[in-house]
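The structure presented is a predicted model; accordingly, all values stated were derived computationally and were not measured. Any value given below was found using the heavy atoms of this structure, including those in side chains, with hydrogens, waters and symmetry copies removed. Naming convention: chains lettered A, B, ... in sequence-line order (proteins, then strands); numbering from 1 in each chain.
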There are 2 protein chains.
Amino acid sequence: MVTTWLDDEQLNVWVRLKAVMELLPSALDSELRRAAELTYFEYYVLAMLSEADGRVLRMSALAARTNATLPRLSHVVRKMAERGLVRRTPDPQDGRSVLVHLTEEGYAVLVAAAPGHVDAVRRYVFDRLDDEQVSQLGAIADAMLDRLDPEGVLTHEYRRPADPGRPAG
Amino acid sequence: MVTTWLDDEQLNVWVRLKAVMELLPSALDSELRRAAELTYFEYYVLAMLSEADGRVLRMSALAARTNATLPRLSHVVRKMAERGLVRRTPDPQDGRSVLVHLTEEGYAVLVAAAPGHVDAVRRYVFDRLDDEQVSQLGAIADAMLDRLDPEGVLTHEYRRPADPGRPAG
DNA sequence: GGCAAATACTTGTTCCTACAACTATGCCTG
DNA sequence: CAGGCATAGTTGTAGGAACAAGTATTTGCC
(Lines give C-alpha, C1' and ligand atoms only; values in the text may rest on other atoms or scores of the structure.)
Protein backbone atom coordinates (compact mmCIF):
# COMPACT_ATOMS: atom_id res chain seq x y z
CA MET A 1 0.00 0.00 0.00
CA VAL A 2 1.42 3.34 -1.03
CA THR A 3 -0.22 5.81 1.38
CA THR A 4 0.28 8.86 -0.82
CA TRP A 5 -2.08 11.56 0.37
CA LEU A 6 -4.39 13.34 -1.99
CA ASP A 7 -3.29 16.80 -3.02
CA ASP A 8 -5.56 19.73 -2.21
CA GLU A 9 -7.40 19.76 -5.49
CA GLN A 10 -7.96 16.02 -5.41
CA LEU A 11 -9.30 16.26 -1.87
CA ASN A 12 -11.63 19.02 -2.91
CA VAL A 13 -12.89 17.10 -5.89
CA TRP A 14 -13.34 13.97 -3.81
CA VAL A 15 -15.49 15.76 -1.24
CA ARG A 16 -17.77 16.98 -3.99
CA LEU A 17 -17.90 13.67 -5.84
CA LYS A 18 -18.76 11.97 -2.59
CA ALA A 19 -21.57 14.46 -2.00
CA VAL A 20 -22.97 13.77 -5.46
CA MET A 21 -22.86 10.02 -4.89
CA GLU A 22 -24.80 10.37 -1.67
CA LEU A 23 -27.38 12.87 -2.77
CA LEU A 24 -28.19 11.90 -6.33
CA PRO A 25 -29.39 8.31 -5.81
CA SER A 26 -31.61 9.24 -2.90
CA ALA A 27 -33.03 12.22 -4.79
CA LEU A 28 -33.97 9.96 -7.69
CA ASP A 29 -35.31 7.32 -5.34
CA SER A 30 -37.59 9.83 -3.65
CA GLU A 31 -39.03 11.00 -6.92
CA LEU A 32 -39.73 7.49 -8.13
CA ARG A 33 -41.39 6.47 -4.87
CA ARG A 34 -43.56 9.54 -4.85
CA ALA A 35 -44.56 9.50 -8.51
CA ALA A 36 -44.67 5.79 -9.30
CA GLU A 37 -44.48 3.81 -6.05
CA LEU A 38 -41.31 2.21 -7.30
CA THR A 39 -37.91 2.14 -5.69
CA TYR A 40 -34.92 3.16 -7.74
CA PHE A 41 -33.92 -0.49 -7.76
CA GLU A 42 -37.34 -1.74 -8.87
CA TYR A 43 -37.40 0.82 -11.66
CA TYR A 44 -34.19 -0.55 -13.09
CA VAL A 45 -35.39 -4.11 -12.76
CA LEU A 46 -38.28 -3.14 -15.01
CA ALA A 47 -35.99 -1.16 -17.30
CA MET A 48 -33.50 -4.00 -17.73
CA LEU A 49 -36.30 -6.42 -18.51
CA SER A 50 -37.82 -4.03 -21.03
CA GLU A 51 -34.56 -3.90 -22.94
CA ALA A 52 -34.02 -7.66 -22.99
CA ASP A 53 -34.99 -9.83 -25.95
CA GLY A 54 -38.56 -10.93 -25.42
CA ARG A 55 -38.60 -8.91 -22.20
CA VAL A 56 -37.31 -11.92 -20.30
CA LEU A 57 -34.16 -12.55 -18.31
CA ARG A 58 -32.93 -15.29 -16.04
CA MET A 59 -32.57 -14.32 -12.39
CA SER A 60 -28.81 -14.45 -12.52
CA ALA A 61 -28.62 -12.31 -15.66
CA LEU A 62 -31.00 -9.79 -14.14
CA ALA A 63 -28.96 -9.75 -10.95
CA ALA A 64 -25.81 -8.98 -12.90
CA ARG A 65 -27.42 -6.14 -14.85
CA THR A 66 -28.87 -4.54 -11.72
CA ASN A 67 -25.80 -5.10 -9.55
CA ALA A 68 -27.88 -7.07 -7.05
CA THR A 69 -27.08 -10.22 -5.13
CA LEU A 70 -29.28 -13.16 -5.97
CA PRO A 71 -30.92 -13.24 -2.52
CA ARG A 72 -31.82 -9.60 -2.74
CA LEU A 73 -33.22 -9.97 -6.23
CA SER A 74 -35.16 -13.05 -5.20
CA HIS A 75 -37.00 -11.15 -2.46
CA VAL A 76 -37.69 -8.13 -4.64
CA VAL A 77 -38.88 -10.15 -7.63
CA ARG A 78 -41.24 -12.12 -5.42
CA LYS A 79 -42.87 -8.91 -4.26
CA MET A 80 -42.97 -7.47 -7.77
CA ALA A 81 -44.61 -10.68 -8.96
CA GLU A 82 -47.25 -10.31 -6.23
CA ARG A 83 -47.94 -6.82 -7.59
CA GLY A 84 -48.24 -8.24 -11.10
CA LEU A 85 -45.27 -6.35 -12.50
CA VAL A 86 -43.35 -9.48 -13.46
CA ARG A 87 -44.08 -13.18 -13.87
CA ARG A 88 -41.78 -16.06 -13.00
CA THR A 89 -41.57 -19.28 -14.98
CA PRO A 90 -39.21 -22.23 -14.90
CA ASP A 91 -36.60 -22.27 -17.64
CA PRO A 92 -37.38 -25.16 -20.01
CA GLN A 93 -33.69 -25.28 -20.98
CA ASP A 94 -32.39 -25.57 -17.43
CA GLY A 95 -34.48 -26.69 -14.52
CA ARG A 96 -32.34 -24.78 -12.05
CA SER A 97 -33.04 -21.44 -13.65
CA VAL A 98 -36.00 -19.13 -13.32
CA LEU A 99 -37.08 -16.80 -16.08
CA VAL A 100 -38.45 -13.41 -15.10
CA HIS A 101 -40.90 -11.95 -17.60
CA LEU A 102 -42.00 -8.35 -17.76
CA THR A 103 -45.81 -8.33 -17.78
CA GLU A 104 -47.92 -5.91 -19.75
CA GLU A 105 -48.81 -4.26 -16.48
CA GLY A 106 -45.17 -4.00 -15.52
CA TYR A 107 -44.36 -2.47 -18.86
CA ALA A 108 -47.19 0.01 -18.44
CA VAL A 109 -45.90 1.00 -15.01
CA LEU A 110 -42.42 1.51 -16.44
CA VAL A 111 -43.73 3.59 -19.32
CA ALA A 112 -45.71 5.71 -16.88
CA ALA A 113 -42.74 6.20 -14.58
CA ALA A 114 -40.05 6.77 -17.18
CA PRO A 115 -40.77 10.38 -18.20
CA GLY A 116 -40.66 11.62 -14.63
CA HIS A 117 -37.52 9.71 -13.86
CA VAL A 118 -35.76 10.86 -17.01
CA ASP A 119 -36.84 14.38 -16.26
CA ALA A 120 -35.29 14.11 -12.80
CA VAL A 121 -32.05 12.80 -14.29
CA ARG A 122 -31.97 15.74 -16.65
CA ARG A 123 -32.66 18.23 -13.91
CA TYR A 124 -30.06 16.89 -11.54
CA VAL A 125 -27.36 15.81 -13.96
CA PHE A 126 -27.53 17.23 -17.45
CA ASP A 127 -29.24 20.59 -17.22
CA ARG A 128 -26.19 22.42 -15.95
CA LEU A 129 -23.65 20.63 -18.12
CA ASP A 130 -22.71 21.75 -21.61
CA ASP A 131 -22.05 19.23 -24.37
CA GLU A 132 -18.35 19.25 -23.73
CA GLN A 133 -18.80 18.49 -20.06
CA VAL A 134 -21.14 15.63 -20.87
CA SER A 135 -18.51 14.01 -23.03
CA GLN A 136 -15.83 14.72 -20.42
CA LEU A 137 -18.00 13.05 -17.80
CA GLY A 138 -18.38 10.03 -20.06
CA ALA A 139 -14.64 9.68 -20.41
CA ILE A 140 -14.07 10.15 -16.68
CA ALA A 141 -16.68 7.56 -15.77
CA ASP A 142 -15.14 5.17 -18.26
CA ALA A 143 -11.75 5.59 -16.66
CA MET A 144 -13.13 4.80 -13.22
CA LEU A 145 -15.03 1.81 -14.54
CA ASP A 146 -11.80 0.34 -15.85
CA ARG A 147 -11.05 -0.40 -12.22
CA LEU A 148 -14.53 -0.75 -10.77
CA ASP A 149 -16.11 -2.95 -13.42
CA PRO A 150 -13.43 -4.20 -15.79
CA GLU A 151 -15.79 -6.76 -17.28
CA GLY A 152 -18.38 -4.12 -18.08
CA VAL A 153 -21.10 -6.18 -16.42
CA LEU A 154 -23.06 -3.14 -15.39
CA THR A 155 -22.54 -1.03 -18.44
CA HIS A 156 -23.72 -3.98 -20.41
CA GLU A 157 -23.79 -2.91 -24.01
CA TYR A 158 -23.65 0.80 -23.38
CA ARG A 159 -19.98 1.15 -24.03
CA ARG A 160 -20.63 0.49 -27.67
CA PRO A 161 -22.60 2.92 -29.84
CA ALA A 162 -25.76 3.75 -27.97
CA ASP A 163 -28.72 1.41 -28.00
CA PRO A 164 -31.63 3.66 -28.98
CA GLY A 165 -34.19 1.37 -27.27
CA ARG A 166 -36.77 3.33 -25.28
CA PRO A 167 -37.57 3.57 -22.48
CA ALA A 168 -34.21 3.16 -20.89
CA GLY A 169 -32.65 5.81 -18.72
CA MET B 1 -42.90 18.09 -16.41
CA VAL B 2 -41.13 18.28 -19.73
CA THR B 3 -40.55 14.62 -20.69
CA THR B 4 -37.70 15.30 -23.06
CA TRP B 5 -35.81 12.09 -23.60
CA LEU B 6 -32.09 11.90 -23.17
CA ASP B 7 -30.12 11.86 -26.38
CA ASP B 8 -27.93 8.85 -27.10
CA GLU B 9 -24.78 10.29 -25.63
CA GLN B 10 -26.54 11.45 -22.50
CA LEU B 11 -28.07 8.02 -22.06
CA ASN B 12 -24.69 6.42 -22.47
CA VAL B 13 -23.09 8.74 -19.96
CA TRP B 14 -25.93 8.23 -17.51
CA VAL B 15 -25.56 4.45 -17.60
CA ARG B 16 -21.89 4.77 -16.77
CA LEU B 17 -22.36 7.42 -14.10
CA LYS B 18 -24.99 5.24 -12.50
CA ALA B 19 -22.59 2.30 -12.52
CA VAL B 20 -19.92 4.39 -10.82
CA MET B 21 -22.36 5.55 -8.16
CA GLU B 22 -23.33 1.99 -7.36
CA LEU B 23 -19.91 0.40 -7.42
CA LEU B 24 -17.64 3.00 -5.90
CA PRO B 25 -19.28 3.44 -2.48
CA SER B 26 -19.59 -0.28 -1.91
CA ALA B 27 -16.00 -0.86 -3.03
CA LEU B 28 -14.78 1.70 -0.52
CA ASP B 29 -17.06 0.31 2.15
CA SER B 30 -15.70 -3.20 1.67
CA GLU B 31 -12.12 -2.05 2.00
CA LEU B 32 -12.83 -0.13 5.18
CA ARG B 33 -14.72 -3.00 6.77
CA ARG B 34 -11.99 -5.44 5.92
CA ALA B 35 -9.04 -3.30 6.91
CA ALA B 36 -10.43 -1.28 9.80
CA GLU B 37 -13.78 -2.75 10.86
CA LEU B 38 -15.40 0.55 10.06
CA THR B 39 -18.26 1.26 7.73
CA TYR B 40 -17.89 3.97 5.15
CA PHE B 41 -20.29 6.02 7.23
CA GLU B 42 -18.45 5.47 10.52
CA TYR B 43 -15.18 6.43 8.88
CA TYR B 44 -16.58 9.81 7.88
CA VAL B 45 -18.07 10.35 11.32
CA LEU B 46 -14.55 10.01 12.69
CA ALA B 47 -13.13 12.14 9.87
CA MET B 48 -15.61 14.97 10.39
CA LEU B 49 -14.92 14.99 14.12
CA SER B 50 -11.18 15.01 13.53
CA GLU B 51 -11.49 18.15 11.42
CA ALA B 52 -13.70 20.00 13.89
CA ASP B 53 -12.33 22.51 16.38
CA GLY B 54 -11.45 20.61 19.53
CA ARG B 55 -12.56 17.41 17.78
CA VAL B 56 -16.08 17.98 19.04
CA LEU B 57 -19.38 18.51 17.27
CA ARG B 58 -23.00 18.64 18.30
CA MET B 59 -25.14 15.77 17.05
CA SER B 60 -27.05 17.97 14.67
CA ALA B 61 -23.90 19.50 13.20
CA LEU B 62 -22.39 16.06 12.77
CA ALA B 63 -25.58 14.84 11.15
CA ALA B 64 -25.47 17.68 8.63
CA ARG B 65 -21.83 17.06 7.73
CA THR B 66 -22.37 13.33 7.24
CA ASN B 67 -25.72 13.63 5.46
CA ALA B 68 -27.36 11.50 8.13
CA THR B 69 -30.73 11.79 9.79
CA LEU B 70 -30.57 12.40 13.52
CA PRO B 71 -32.09 9.02 14.41
CA ARG B 72 -29.57 7.21 12.27
CA LEU B 73 -26.68 9.14 13.75
CA SER B 74 -27.99 8.58 17.26
CA HIS B 75 -27.91 4.80 16.81
CA VAL B 76 -24.49 4.80 15.19
CA VAL B 77 -22.93 7.13 17.73
CA ARG B 78 -24.27 5.01 20.58
CA LYS B 79 -22.51 1.97 19.15
CA MET B 80 -19.34 3.89 18.42
CA ALA B 81 -19.38 5.16 22.01
CA GLU B 82 -19.68 1.56 23.24
CA ARG B 83 -16.57 0.78 21.20
CA GLY B 84 -14.80 3.74 22.75
CA LEU B 85 -14.36 5.63 19.48
CA VAL B 86 -16.35 8.66 20.64
CA ARG B 87 -17.66 10.07 23.93
CA ARG B 88 -20.91 11.89 24.49
CA THR B 89 -21.36 14.75 26.91
CA PRO B 90 -24.17 17.20 27.53
CA ASP B 91 -23.66 20.64 26.06
CA PRO B 92 -23.17 23.13 28.92
CA GLN B 93 -24.42 25.90 26.63
CA ASP B 94 -27.67 24.19 25.73
CA GLY B 95 -29.20 21.37 27.73
CA ARG B 96 -30.96 19.99 24.69
CA SER B 97 -27.78 19.36 22.79
CA VAL B 98 -25.26 16.55 22.99
CA LEU B 99 -21.61 17.00 22.19
CA VAL B 100 -19.81 14.16 20.47
CA HIS B 101 -16.08 14.04 21.20
CA LEU B 102 -13.52 12.08 19.25
CA THR B 103 -11.55 10.00 21.76
CA GLU B 104 -7.84 9.29 21.49
CA GLU B 105 -8.74 5.74 20.58
CA GLY B 106 -11.13 6.94 17.92
CA TYR B 107 -8.48 9.21 16.51
CA ALA B 108 -6.00 6.35 16.49
CA VAL B 109 -8.47 4.15 14.61
CA LEU B 110 -9.01 6.91 12.07
CA VAL B 111 -5.29 7.44 11.60
CA ALA B 112 -4.81 3.73 11.13
CA ALA B 113 -7.63 3.47 8.62
CA ALA B 114 -6.96 6.63 6.63
CA PRO B 115 -4.00 5.54 4.48
CA GLY B 116 -5.80 2.47 3.20
CA HIS B 117 -8.93 4.40 2.49
CA VAL B 118 -7.12 7.21 0.73
CA ASP B 119 -5.21 4.66 -1.24
CA ALA B 120 -8.47 3.06 -2.34
CA VAL B 121 -9.84 6.44 -3.39
CA ARG B 122 -6.75 7.05 -5.45
CA ARG B 123 -6.88 3.65 -7.05
CA TYR B 124 -10.53 3.82 -7.97
CA VAL B 125 -10.89 7.50 -8.77
CA PHE B 126 -7.72 9.43 -9.45
CA ASP B 127 -5.19 6.99 -10.81
CA ARG B 128 -6.62 6.94 -14.30
CA LEU B 129 -7.47 10.63 -14.50
CA ASP B 130 -5.03 13.28 -15.67
CA ASP B 131 -4.89 16.70 -14.03
CA GLU B 132 -7.23 18.19 -16.56
CA GLN B 133 -9.84 15.52 -15.98
CA VAL B 134 -9.62 16.03 -12.24
CA SER B 135 -10.42 19.69 -12.62
CA GLN B 136 -13.17 18.90 -15.13
CA LEU B 137 -14.68 16.47 -12.64
CA GLY B 138 -14.60 19.15 -9.97
CA ALA B 139 -16.49 21.57 -12.18
CA ILE B 140 -19.01 18.92 -13.20
CA ALA B 141 -19.66 17.89 -9.60
CA ASP B 142 -20.08 21.52 -8.66
CA ALA B 143 -22.69 21.98 -11.37
CA MET B 144 -24.68 19.00 -10.12
CA LEU B 145 -24.42 20.18 -6.54
CA ASP B 146 -26.01 23.47 -7.50
CA ARG B 147 -29.22 21.47 -7.74
CA LEU B 148 -28.56 18.68 -5.26
CA ASP B 149 -27.16 20.71 -2.38
CA PRO B 150 -27.66 24.40 -3.06
CA GLU B 151 -26.79 25.30 0.52
CA GLY B 152 -23.49 23.43 0.33
CA VAL B 153 -24.24 21.62 3.57
CA LEU B 154 -22.28 18.57 2.56
CA THR B 155 -19.40 20.26 0.84
CA HIS B 156 -19.02 22.25 4.00
CA GLU B 157 -16.00 24.43 3.53
CA TYR B 158 -14.53 22.54 0.62
CA ARG B 159 -15.78 24.88 -2.04
CA ARG B 160 -13.35 27.47 -0.81
CA PRO B 161 -9.59 27.02 -1.10
CA ALA B 162 -8.74 23.60 0.24
CA ASP B 163 -8.41 22.94 3.93
CA PRO B 164 -5.08 21.18 4.30
CA GLY B 165 -6.10 19.43 7.53
CA ARG B 166 -5.04 15.80 7.66
CA PRO B 167 -6.35 13.19 7.80
CA ALA B 168 -9.36 13.97 5.76
CA GLY B 169 -10.21 11.90 2.73
C1' DG C 1 -25.00 -45.02 -14.93
C1' DG C 2 -23.94 -43.35 -10.58
C1' DC C 3 -21.51 -40.35 -7.39
C1' DA C 4 -19.28 -35.83 -6.50
C1' DA C 5 -19.01 -31.13 -7.51
C1' DA C 6 -20.88 -27.02 -9.38
C1' DT C 7 -24.77 -24.06 -10.50
C1' DA C 8 -29.10 -21.43 -9.68
C1' DC C 9 -32.03 -20.07 -6.67
C1' DT C 10 -34.79 -19.69 -2.18
C1' DT C 11 -35.31 -19.10 2.63
C1' DG C 12 -34.06 -17.48 7.16
C1' DT C 13 -31.57 -14.52 10.21
C1' DT C 14 -29.30 -10.36 11.38
C1' DC C 15 -27.92 -5.76 10.77
C1' DC C 16 -28.80 -1.21 9.16
C1' DT C 17 -31.69 2.68 7.96
C1' DA C 18 -36.03 5.39 7.66
C1' DC C 19 -40.11 6.97 9.67
C1' DA C 20 -42.92 8.02 13.62
C1' DA C 21 -43.71 8.89 18.26
C1' DC C 22 -41.93 10.49 22.51
C1' DT C 23 -39.03 13.20 26.04
C1' DA C 24 -36.61 17.06 27.58
C1' DT C 25 -34.93 21.58 27.21
C1' DG C 26 -35.02 26.26 25.68
C1' DC C 27 -37.43 30.37 23.77
C1' DC C 28 -41.08 33.74 23.25
C1' DT C 29 -45.17 36.17 24.10
C1' DG C 30 -48.51 38.24 26.61
C1' DC D 1 -43.66 33.98 34.91
C1' DA D 2 -46.95 30.83 32.95
C1' DG D 3 -48.48 28.43 28.52
C1' DG D 4 -47.45 27.29 24.01
C1' DC D 5 -44.27 26.40 20.46
C1' DA D 6 -39.81 25.22 18.58
C1' DT D 7 -35.51 22.68 18.91
C1' DA D 8 -32.41 18.57 19.92
C1' DG D 9 -32.13 13.88 20.67
C1' DT D 10 -33.69 9.23 21.78
C1' DT D 11 -36.35 5.16 21.34
C1' DG D 12 -39.37 1.91 19.03
C1' DT D 13 -40.94 -0.29 15.00
C1' DA D 14 -41.03 -1.76 10.47
C1' DG D 15 -38.87 -2.37 5.76
C1' DG D 16 -34.71 -3.43 2.99
C1' DA D 17 -30.21 -5.59 2.10
C1' DA D 18 -26.23 -8.69 3.29
C1' DC D 19 -24.71 -13.06 4.70
C1' DA D 20 -25.28 -17.94 5.57
C1' DA D 21 -27.49 -22.16 5.01
C1' DG D 22 -30.54 -25.21 2.50
C1' DT D 23 -32.80 -27.30 -1.83
C1' DA D 24 -33.02 -28.73 -6.45
C1' DT D 25 -31.00 -29.48 -10.87
C1' DT D 26 -27.26 -30.17 -14.00
C1' DT D 27 -22.55 -31.38 -15.26
C1' DG D 28 -18.27 -33.92 -15.10
C1' DC D 29 -15.88 -38.04 -14.36
C1' DC D 30 -14.74 -42.74 -13.60
Side-chain angles (χ1 to χ4, degrees), chain A residues 21-23 25-34 37-45 49 56-83 85-101 153-154, chain B residues 21-23 25-34 37-45 49 52 56-83 85-101 153:
Chain A
M21 289 193 307
E22 293 194 2
L23 295 171
S26 69
L28 297 174
D29 191 71
S30 301
E31 296 233 11
L32 277 168
R33 282 175 192 267
R34 183 183 50 73
E37 296 189 8
L38 288 173
T39 65
Y40 189 47
F41 179 71
E42 288 166 341
Y43 178 89
Y44 279 95
V45 167
L49 288 174
V56 181
L57 285 171
R58 295 193 317 167
M59 286 291 287
S60 47
L62 186 54
R65 280 167 178 70
T66 55
N67 191 35
T69 59
L70 226 25
R72 176 184 180 189
L73 186 65
S74 180
H75 287 301
V76 171
V77 163
R78 178 178 49 72
K79 277 185 273 188
M80 291 176 75
E82 287 167 6
R83 289 169 67 183
L85 303 177
V86 299
R87 196 176 60 249
R88 292 189 291 180
T89 64
D91 183 348
Q93 315 278 297
D94 185 338
R96 296 169 300 180
S97 297
V98 172
L99 298 177
V100 184
H101 305 256
V153 179
L154 265 173
Chain B
M21 290 193 307
E22 293 195 2
L23 296 171
S26 69
L28 297 174
D29 191 71
S30 301
E31 297 232 10
L32 279 169
R33 283 175 191 267
R34 183 183 50 71
E37 296 188 8
L38 288 173
T39 65
Y40 189 46
F41 180 70
E42 289 165 341
Y43 177 89
Y44 278 95
V45 168
L49 287 174
V56 182
L57 285 173
R58 296 193 316 166
M59 287 290 288
S60 47
L62 186 54
R65 279 166 179 71
T66 56
N67 192 35
T69 59
L70 225 25
R72 176 185 180 188
L73 185 65
S74 180
H75 287 301
V76 171
V77 163
R78 179 178 49 72
K79 276 185 273 189
M80 291 176 75
E82 287 166 7
R83 289 169 68 184
L85 304 177
V86 299
R87 197 177 60 249
R88 292 188 292 179
T89 64
D91 183 346
Q93 314 280 297
D94 185 338
R96 296 168 300 179
S97 296
V98 172
L99 298 177
V100 185
H101 304 256
V153 179

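Mapping A/Pro71 and B/Arg58 onto DNA chain D by nearest heavy atom places B/Arg58 closer to the 5' end of the strand. Of the residues near DNA chain D, A/Asp91 and A/Arg33, the one whose nearest nucleotide (by heavy atom distance) lies more toward the 5' end is A/Arg33.
Taking atom NZ of residue A/Lys79 and atom C1' of nucleotide C/dT10, one finds them 14 Å apart after rounding to whole Å. Atom CG in A/Asp29 sits about 11 Å away from atom C1' in D/dG16, given to the nearest Å. Regarding B/Glu42, its CD atom lies at a distance of 10 Å from the C1' atom of C/dC16, rounded to whole Å. Straight-line distance from the NE2 atom of A/His75 to the P atom of C/dT13: 11 Å, rounded to whole Å. Spacing between atom CZ of B/Arg96 and atom P of D/dG9 amounts to 9 Å, rounded to whole angstrom units. What separates CG of B/Leu99 from P of D/dT10 is a distance of 11 Å, to the nearest Å. The separation between A/Met59 atom CE and C/dC9 atom P is 6 Å, rounded to whole Å. In this structure, B/Leu73 atom CG and C/dA18 atom P are separated by 11 Å, rounded to whole Å.
In this structure, A/Tyr40 OH and B/Met21 CE are separated by 4.0 Å, a value rounded to the nearest 0.5 Å.
Closest to the A/Ser60 side chain, of the nucleotides C/dA8, D/dG9, D/dA17, is C/dA8. Listed candidates were D/dT10, C/dT17, C/dT10. Nearest to the side chain of A/Leu70 is C/dT10. Distance from the side chain of B/Val76 is smallest to C/dT17 among C/dA8, D/dA17, C/dT17. In the set D/dA18, D/dT26, D/dT10, D/dT26 carries the atom at the smallest distance from any side-chain atom of A/Asp94.
Ionic pairing of A/Glu31 and A/Arg34 is present here: one or more N-O contacts between side-chain nitrogen and carboxylate oxygen are shorter than 4.0 angstrom. Taking 4.0 Å as the cut-off between side-chain N and carboxylate O, B/Glu37 and B/Arg83 do not count as a salt-bridged pair.
Without hydrogens or angle criteria, B/Ser30 side chain to B/Ser26 main chain gives a donor-acceptor distance under 3.5 Å.
Applying the 4.0 Å criterion to OP1 and OP2 of D/dT10, one finds that B/Arg88 has a side-chain N or O inside that range. The phosphate of C/dA18 (OP1 or OP2) has a side-chain N or O of B/Thr69 nearer than 4.0 angstrom.
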Q: Check the pair B/Phe41 / B/Leu73 against side-chain contact (heavy atoms from CB on, under 4.5 Å), numbers first and verdict last.
A: CA-CA 10 Å; B/Phe41 180 70; B/Leu73 185 65; 4.1 Å; yes
